[in-house]
Structure formats: structure tokens, C-alpha cells
There are 2 protein chains.
Amino acid sequence: MASRMAVMPIDRAGTRHPQAEACARCAVRSQSLFGALDEAGLDRIHTRIEGLDMAPDETLYARGGDGSALYTIRTGVVRFERSTARGDRRIVRLAGRGDLIGLEALLQRPHADDAIACTPLQLCRIPRVLLDELGQDEAALTRALMQRWQDALDQSEAWVADLATGPARRRVLRLLLRLTELTEPGQPIWLPRREDIGAMLDMAIESASRFVSQLRREGLLSITGPRSARVDRVALLQAIEAQDRS
Amino acid sequence: MASRMAVMPIDRAGTRHPQAEACARCAVRSQSLFGALDEAGLDRIHTRIEGLDMAPDETLYARGGDGSALYTIRTGVVRFERSTARGDRRIVRLAGRGDLIGLEALLQRPHADDAIACTPLQLCRIPRVLLDELGQDEAALTRALMQRWQDALDQSEAWVADLATGPARRRVLRLLLRLTELTEPGQPIWLPRREDIGAMLDMAIESASRFVSQLRREGLLSITGPRSARVDRVALLQAIEAQDRS
DNA sequence: CGAGCCGTTGAGGGGATTCAAGCTCAGTGG
DNA sequence: CCACTGAGCTTGAATCCCCTCAACGGCTCG
């Protein structure tokens, strides 16, 4: 018995590995990739998952790079950018808490977009080979992965329908709605720079500024700091409805 | 030996099942879902796959419906629509030859979009339960499914970057480029009704008409019938480049 | 042949862009 | 201490692109 203990990793003697603790306590676990795994399953993988933080505007990965890892977002917002044939960039999707990003790495494909931190991030880095190994026998994991893919597809199609459709004011309103979904209820939202709003909604930064200011005057939006604001969710939904009726 | 033959399905005695022949000869098989399966694998599944045809504007499935099947497109073009909060509809993606659509059925989720035939279609209908069973042991199939999901995601993000960005003329040009990709080289492309172009590119039908006519006068596009046209691919690429430079 | 759908084209107006100026704020150095 | 600078944001004015409204032609079909 004592000898069995002796061959275990030194940091497992008595207490669990710190990352195992982190995974077990992780608040996003139920909605995250390994939610389907039990404690034993977690113990098998935790040593190879690495928690890391990133600052706003840092790049997780670049388009074209062949990634060796995926990331689960524990807190924060990530944007996916592509640069068009002209020099200008276009933001095609946002991801937030609980989302698994960089899925194309599992298929040995190069990354389709630049992935860039919008807010300070807390991430879990999951090596691709880890999922390759688990994928052999964990049907639940396979299913969870497919759900992630479908979630991303849903988001992308909703982006076309909601954020790339209609007059500029409508698009700004729907962007604010999406931003509230990426934030804990009651918390201030991440408010993008005007240039980023332009890259999301395909409008000039002056237009973005005009509508943000307009909504501020209407009392629907109040800015609480740089890159931070509060929205009156009820008024926002009313405004969207009014916009769609007219 | 003879007794073994006797217990086989009656239509397998001597010749193979007609659908088995169809699957084995299928030109899109190499790029389709079951490309990874060998002849024996095909034999196991072919009786439950049903070939079917659809006419333009027929609906494969509707948003909200919980699908019992997926479809492989053998020939033709399918569009995915959502209706926005206002009554108007928005086409968010196109699919063509070799694409597998309705993936969300595998997750017991309701369909995210309406799927509607643009051209005459030849489809293979794949029951959901069939993939559930195969999924148990076919790792190659799992991988193929994930690739389908990533393909769809790529298409959707490219839609945002290419077809929902920039001035109207640019969007029409890029739509034509996308339509050539959905057609065999040399064949005339499917040219949508002006109203559909509007729903794809978020523009008025008059604007769609104006740019189509403009491109026709420029010799870049020639209409060969209703819903059918030929494009000068070289001129098209030049026009896109010129558009992006200005 | 009239009705209806689809496509085309023109005229006018409105919304978004472009061009331009001025503002706040943080960082820098005289 | 304060001018200087540059980045980000805001606002105004002029322009232009696209939408709306409208009229018309071709075509199919009852």
C-alpha cells in the first residue's frame, strides 16, 4: 500500500493536484467540455490542462496557424477577426464564458480566424492530443464536441441575421443585446471601442459613435468607464421592438 | 451456403440492393459522409438510406422542427433562411454538392433554419438513428461529421466577411463568385431571383436588379435562362479586385 | 385578354459615409 | 506647473450611395 503511494506523482500524495482542484471547483464546468466527465475522468486529464490569463488585445491564435491547443473561456470575451481583400478587418463572431474555441485544431486544420482578447481573459488551454486520446473511448466527449460545433455555427448564423442586417441603429441595438448575453446579469458589459463596433457591424466609426451617443442620451446606455457600460435591458428590448415595428 | 443465401433479404439474392449500387457508384461519395466506409460498411447501411428528389422552392425542413434525418446533397443548391423580428427573411448560408445538412438533428436539437431548395435537388436522406448506431464504433465517421460541422462554420463566417461586408456592388460580385463554387466548372450557375439576392445581401430588390443589369452590360454576366446564367470568371475576379482597390 | 409575378429603369429622398474640426484624457517633457 | 502630443470620441456639414416610390415591359396562366 505504501509502495503504491510511492509511485504516484509526488504532488498527488495526500492532496490532489492543484489543477485537479481547479477543474473540480470550476464554475463553468457544468457547461464546459468536461462537464460530462466524472471525478475519475478529471483526475486523468487535469495535469495536462493549463490555466492561463490574457490581457485585452492579446492574440490567442492567428488565422492560418495550425493550432496545437483549444481553449475554454472561463471569463471574458473573445472576438474572431478576418481581414478582407482590402486592408480592413471584419469581426465575424464573439465568444464568451463557457465557449470552447479553436475547434478546427482537432481536424489539423489551420485556424480560420484571428482570435483576440476583448477583455481580460481567464482560459483553460487544452492540448489537441489530449482530446485525440480521449476521443477514442469517450462517447460523451464526442457528443459534447459536436454540441460546441453546433453552438458556434448557431452563433455565426445569428450574426448574419442579427448584426449584419437592417439599418445601423438596429444593428447597434442588437449588438448591445448580444453583449449583455456575454456578461453576468447585473454586471457592466464590455463596450467595444468605436472602431471595433465598426468592424463588427460594417459601419464607419463616426456612425458607431453617433448611435452610441444617441442611446446614451436616451438613457438606455450609461458609460461606466473605458470599455465598460451599463444597459437598461428593458428599455433595450423595447427599443429593438420599436425599431422592428417601424 | 445455400441456406445462408436464403436468410438474406430477398432483394440481395444474387444482385445487390439498388440503393447499394447507387451508393457504390455515387460520384460524391469520396467527398461525402460515408467516403470513409468500405464496401462492407456500405452494405450494412444502404438499405436505410433513401434517395429523393426535390423541386425548387420545396422545403427540406423548417426552423424549429426536430428533424429525424440529415441530407447529403448530390446535386443542386440549398439555402438556409431565418425570418427576422420584422417579417422579412434573411438567407444566412448556401450549401451545395457534397454538403451534409441538418446536422443539428444529431443532437436532438430543433432545426436552426428553414432549408429550401434553390435548384432541382438530388438528395440522400440519412435517418438520424442510423448515425447514432454507427457512431458507436466508427471513429472515422465521427471525424467526418466534425469536418462537416467545421465546413458549415467556415461557410457561415465567410458569409459574414464576404457577403455582408462593403458596398452593394462588391457584395453582388462576391455572391456570383460563391455561386460559381456551387456549380460544376463550365456549367451555367444558378442565378437567384432578385428578391432572393436581396435576402442574401440585405439589399432592396431594385438594387439587386440594378447591379445584375450593370454586370450584364459589362459583359461579365450573361443570362441563359430563368434562374440561370454564365459568368466570365476571369472578368469577375478582375472586377472584384478592382472593387477592393478603389 | 386581363391578372399576377418578375424584372428593369427613373426620380426623389433619406440614411450612412466622408471630410473636417474640436473635445477629453493620459502620458511626456520642458 | 503646464504646454505638447497623440489616441479615442464626438459632432457638424457636405456628399454619395442605396432605398423607396413609381411606372412600365415581358412572360405565364387561368
Side-chain angles (χ1 to χ4, degrees), chain A residues 55-57 84 86-90 118-119 163-176 190-218 220-229 239 242-246, chain B residues 55-57 84 86-91 118-119 163-176 189-218 220-229 242-244 246:
Chain A
D57 298 322
T84 66
R86 301 143 65 185
D88 53 354
R89 68 202 177 91
R90 183 78 156 98
C118 294
T119 67
L163 301 183
T165 304
R169 179 182 157 96
R170 182 198 132 104
R171 304 207 301 277
V172 172
L173 287 170
R174 297 212 88 105
L175 174 60
L176 290 178
W190 168 65
L191 187 69
R193 305 205 327 258
R194 304 302 171 268
E195 187 190 344
D196 286 335
I197 295 179
M200 292 181 202
L201 305 181
D202 193 39
M203 66 177 64
I205 70 170
E206 295 93 334
S207 297
S209 174
R210 270 182 250 272
F211 287 107
V212 168
S213 300
Q214 186 184 88
L215 296 176
R216 210 152 48 111
R217 284 191 287 270
E218 292 175 15
L220 195 149
L221 181 76
S222 62
I223 286 164
T224 59
R227 309 298 98 77
S228 162
Q243 181 79 36
D244 288 343
R245 267 188 289 102
S246 70
Chain B
D57 296 324
T84 64
R86 303 145 61 184
D88 52 354
R89 66 201 178 91
R90 184 78 154 98
I91 297 173
C118 294
T119 67
L163 301 183
T165 304
R169 179 182 158 95
R170 182 199 132 104
R171 304 207 301 277
V172 173
L173 288 169
R174 297 212 88 105
L175 174 60
L176 290 178
I189 65 166
W190 168 64
L191 187 67
R193 304 205 324 263
R194 304 301 172 266
E195 187 191 344
D196 286 335
I197 296 179
M200 291 180 204
L201 306 181
D202 193 38
M203 65 177 65
I205 69 172
E206 296 94 332
S207 296
S209 174
R210 271 183 249 271
F211 287 107
V212 168
S213 300
Q214 185 184 88
L215 296 176
R216 210 153 48 111
R217 284 191 287 270
E218 292 175 13
L220 195 150
L221 179 75
S222 60
I223 286 164
T224 60
R227 312 293 99 80
S228 163
Q243 182 79 37
D244 288 345
S246 72

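Chain A is the first sequence line, chain B the second, and so forth, proteins listed ahead of strands; every chain is numbered from 1. Every heavy atom of this structure was used, including side-chain atoms; hydrogens, water molecules and symmetry mates were not. Given the structure is predicted, the values throughout are model-derived calculations rather than measurements.
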Q. Whole Å only: how far is the CZ atom of A/Arg216 from the P atom of D/dT11?
A. 7 Å
Q: Please work out if A/Arg171 contacts a base, only the sugar-phosphate, or nothing of the nucleic acid, heavy-atom cut-off 4.0 Å.
A: nothing
Q | Phosphate contact (C/dT9 OP1 or OP2) by B/Ser213 side-chain N/O below 4.0 Å | A | yes
(Q) Please check: side-chain N/O of B/Arg227 versus main-chain N/O of B/Cys118, any donor-acceptor pairing under 3.5 Å? (A) no
Q. Just to confirm, is there a sub-4.0 Å distance from OP1 or OP2 of C/dG15 to any side-chain nitrogen or oxygen of A/Arg170?
A. no
Q.
Taking only side-chain N and O atoms of A/Arg210, does any of them lie within less than 4.0 angstrom of OP1 or OP2 on D/dA13?
A. no
**Q.** A/Met203 CE - C/dA16 C1' separation (whole Å)
**A.** 9 Å
Q: In whole angstrom, give the distance that lies between atom CG of A/Leu221 and atom P of D/dC9.
A: 13 Å
Q. Picking from D/dT20, C/dA16, D/dC9, which would you name as closest to the side chain of A/Arg194?
A. D/dC9
Q.
Please report the distance, rounded to the nearest Å, between CG in A/Asp57 and P in D/dA7.
A. 15 Å
Q.
If I take atom CD1 in residue A/Ile205 and atom C1' in nucleotide D/dT11, what distance separates them, rounded to the nearest angstrom?
A. 12 Å
Q: Grab the CG-P distance between B/Asp196 and C/dG7 for me, whole Å please.
A: 9 Å
**Q.** Quiz item: A/Glu206 side-chain donor-acceptor pair to D/dC9 base, under 3.5 Å
**A.** no
Q. With a 4.5 Å heavy-atom cut-off, do B/Pro167 and B/Gln243 have their side chains touching?
A. yes
Q: Taking all non-hydrogen atoms of both residues into account, name the closest pair between A/Ser209 and A/Arg194 and its distance.
A: CA-CD, 3.9 Å
Q. Could you state the CD-P distance from B/Glu195 to D/dT20, rounded to the nearest angstrom?
A. 13 Å
(Q) C/dT9, OP1 or OP2 - any side-chain N/O from B/Arg217 closer than 4.0 Å? (A) yes
Q | Any side-chain heavy-atom pair of B/Ile91 and B/Leu201 under 4.5 Å | A | no
**Q.** Selected nucleotide, minimal atom distance to B/Ala204 side chain, candidates C/dT17, D/dC18, D/dC19
**A.** D/dC19
Q: Answer with base, sugar-phosphate or nothing: what part of the nucleic acid does B/Pro226 contact at a heavy-atom distance below 4.0 Å?
A: nothing
Q) Any idea which of D/dC9, D/dC18, C/dT8 is nearest the B/Phe211 side chain? A) D/dC18
**Q.** Presence of B/Arg169 side-chain N/O under 4.0 Å of D/dC18 phosphate oxygens OP1/OP2
**A.** no
Q | For atom CD1 of A/Ile197 and atom P of D/dC9, their distance in whole Å | A | 8 Å
Q.
Strictly below 4.0 Å, N to O, side chains only: are B/Arg174 and B/Asp244 in salt-bridge contact?
A. yes
